[in-house]
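These notes are about the structure you will find just below.
Here the structure is a predicted model, which means the values were calculated and not measured.
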Amino acid sequence: QAYHLFVQVHRGEHLGGGKQKYNLYITCEFAGHVLSLPATSKTHSITCDECFKIPVVMPLFADSVVIRVWNKAKWGDDEIIVQGR
């Protein structure tokens, strides 16, 4: 059967210790699906109040939702600021 998993993201404060400013964006990963929000500009906190809607099919073989906050790099690879399960 097909279902949806809803993951609500509200905010992150003082990321990276609150000293440096980043171009932040959030990704949500579950069962091979990765969704993301657009990047912010030069901040150390993010407020978004967004809901990720992830398709889920039973039986379920994954059990961890991974939320990552990234720094969008102008040059090179993006950098993970914080990650949680």
Side-chain angles (χ1 to χ4, degrees):
Q1 287 189 340
Y3 297 95
H4 286 98
L5 172 67
F6 294 92
V7 179
Q8 191 76 31
V9 178
H10 296 281
R11 71 174 172 235
E13 298 176 334
H14 308 293
L15 300 167
K19 296 177 183 177
Q20 184 178 349
K21 294 188 176 185
Y22 303 97
N23 299 318
L24 300 172
Y25 69 97
I26 298 172
T27 62
C28 180
E29 181 178 337
F30 182 75
H33 296 279
V34 179
L35 301 174
S36 66
L37 296 178
T40 62
S41 183
K42 298 181 181 170
T43 185
H44 55 73
S45 297
I46 186 169
T47 302
C48 54
D49 198 26
E50 292 286 337
C51 184
F52 291 103
K53 181 180 176 183
I54 302 171
V56 176
V57 177
M58 299 300 276
L60 192 60
F61 297 108
D63 63 354
S64 293
V65 176
V66 180
I67 307 291
R68 291 185 178 106
V69 179
W70 297 80
N71 178 34
K72 181 80 171 166
K74 289 185 179 184
W75 307 102
D77 296 331
D78 294 353
E79 170 190 16
I80 295 176
I81 304 300
V82 67
Q83 172 177 302
R85 292 183 181 263

Checklist entry - Which heavy atom in Leu15 sits nearest to a heavy atom in Tyr22, and how many Å separate them? => result O-CE1, 3.7 Å

Item to check | Tyr3 side chain reached by Leu60 side chain, heavy atoms, under 4.5 Å | outcome: no

Checklist entry - Shortest non-hydrogen contact from Glu50 to Leu37? => result CG-CD2, 3.7 Å

Checklist entry - Say you draw a straight line from CD of Glu29 to CD1 of Ile67; how long is it, rounded to the nearest 0.5 Å? => result 9.5 Å

Checklist entry - Do Val66 and Phe6 share a hydrophobic cluster (ILVMFWY, side-chain heavy atoms under 4.5 Å, transitive)? => result no

Item to check | Tyr25 and Thr27: CA distance, side-chain angles, deciding distance, side chain to side chain contact (heavy atoms under 4.5 Å, CB included) verdict | outcome: CA-CA 7 Å; Tyr25 69 97; Thr27 62; 3.8 Å; yes

Next on the checklist: Hydrophobic clustering (ILVMFWY, side-chain heavy atoms < 4.5 Å, transitive) - are Val34 and Ile80 grouped together?
Outcome noted: no

Item to check | CD on Glu79 to CZ on Arg68, rounded to 0.5 Å | outcome: 13.5 Å

Checklist outcome for this item: When rounded to the nearest 0.5 Å, the distance separating CG of Leu5 from CD1 of Ile54 is 5.0 Å

Next on the checklist: Quick check on the hydrophobic clustering: are Val9 and Val82 connected, directly or via other members, by side-chain heavy-atom contacts under 4.5 Å?
Outcome noted: yes

Checklist entry - side chain to side chain contact (heavy atoms under 4.5 Å, CB included) between Phe30 and Val56: does it pass, once the steps are laid out? => result CA-CA 9 Å; Phe30 182 75; Val56 176; 3.8 Å; yes

Item to check | Spatial distance of atom SG (Cys48) from atom CD (Gln8) [nearest 0.5 Å] | outcome: 8.5 Å

Next on the checklist: Nearest 0.5 angstrom please: Asp77 CG to Trp70 CH2, how far?
Outcome noted: 9.0 Å

Item to check | Under 3.5 Å: donor-acceptor pair, side chain of Asn23, backbone of Ser41 | outcome: no

Next on the checklist: Nearest 0.5 Å, please: how far is NE2 in His44 from CD1 in Ile81?
Outcome noted: 12.5 Å

Checklist entry - Are any non-hydrogen side-chain atoms of Lys72 and Leu24 less than 4.5 angstrom apart? => result no

Checklist entry - What residues form a ring-ring contact (aromatic ring centres under 6.0 Å, His included) with His4, not counting sequence neighbours? => result none

Item to check | Test log, rule side chain to side chain contact (heavy atoms under 4.5 Å, CB included), inputs His10 and Asp49 | outcome: CA-CA 4 Å; His10 296 281; Asp49 198 26; 3.0 Å; yes

